[in-house]
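Heads up, the thing below is written out as structure tokens.
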Amino acid sequence: MHLVKQFLVVTANMIAELWMGFYRRNSDFYDKQTSGSKSKTGYYVFVIAAAVVAVGLVSWMYNRMYS
């Protein structure tokens, strides 16, 4: 149960950071190395891949615990 609580806290923190990112759109807030990207395709691919990995991990954990 402790591991599940930690996972939920980390997931909530990541969602909060993503939510706050919509309000902090100026390039000087983020790392200088990432502010030079010209297209948003890589960003969208990363977000979609991270969501797929997160859902897959939660599904795998659920199946291991309750199957």
Side-chain angles (χ1 to χ4, degrees):
M1 190 66 172
H2 181 68
L3 184 62
V4 173
K5 286 181 183 178
Q6 284 183 337
F7 177 76
L8 290 175
V9 168
V10 168
T11 305
N13 188 17
M14 291 174 72
I15 291 171
E17 286 291 327
L18 181 64
W19 183 259
M20 291 301 291
F22 288 120
Y23 299 108
R24 298 176 181 165
R25 291 188 180 257
N26 53 353
S27 62
D28 60 339
F29 179 77
Y30 297 103
D31 188 11
K32 299 298 182 191
Q33 295 175 351
T34 60
S35 65
S37 62
K38 301 294 183 206
S39 74
K40 294 185 179 183
T41 306
Y43 173 75
Y44 290 129
V45 168
F46 174 77
V47 170
I48 290 170
V52 167
V53 167
V55 170
L57 184 62
V58 169
S59 300
W60 175 74
M61 288 175 58
Y62 180 81
N63 285 336
R64 291 227 358 144
M65 291 174 68
Y66 297 112
S67 294

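Quick note: numbers below take in every heavy atom, side chains included, and nothing from hydrogens, waters or symmetry partners.
The ring-ring contact (aromatic ring centres under 6.0 Å, His included) search around Tyr44 returns none, not counting sequence neighbours.
Of the inter-residue distances, the one linking Leu8 atom CG with Leu3 atom CG reads 9.5 Å to the nearest 0.5 angstrom.
In the hydrophobic clustering, Met14 connects to Val10, either directly or through intervening members, whenever side-chain heavy atoms lie under 4.5 Å apart.
Both Phe7 and Trp60 are members of a single hydrophobic cluster when ILVMFWY side chains are connected at heavy-atom separations under 4.5 Å.
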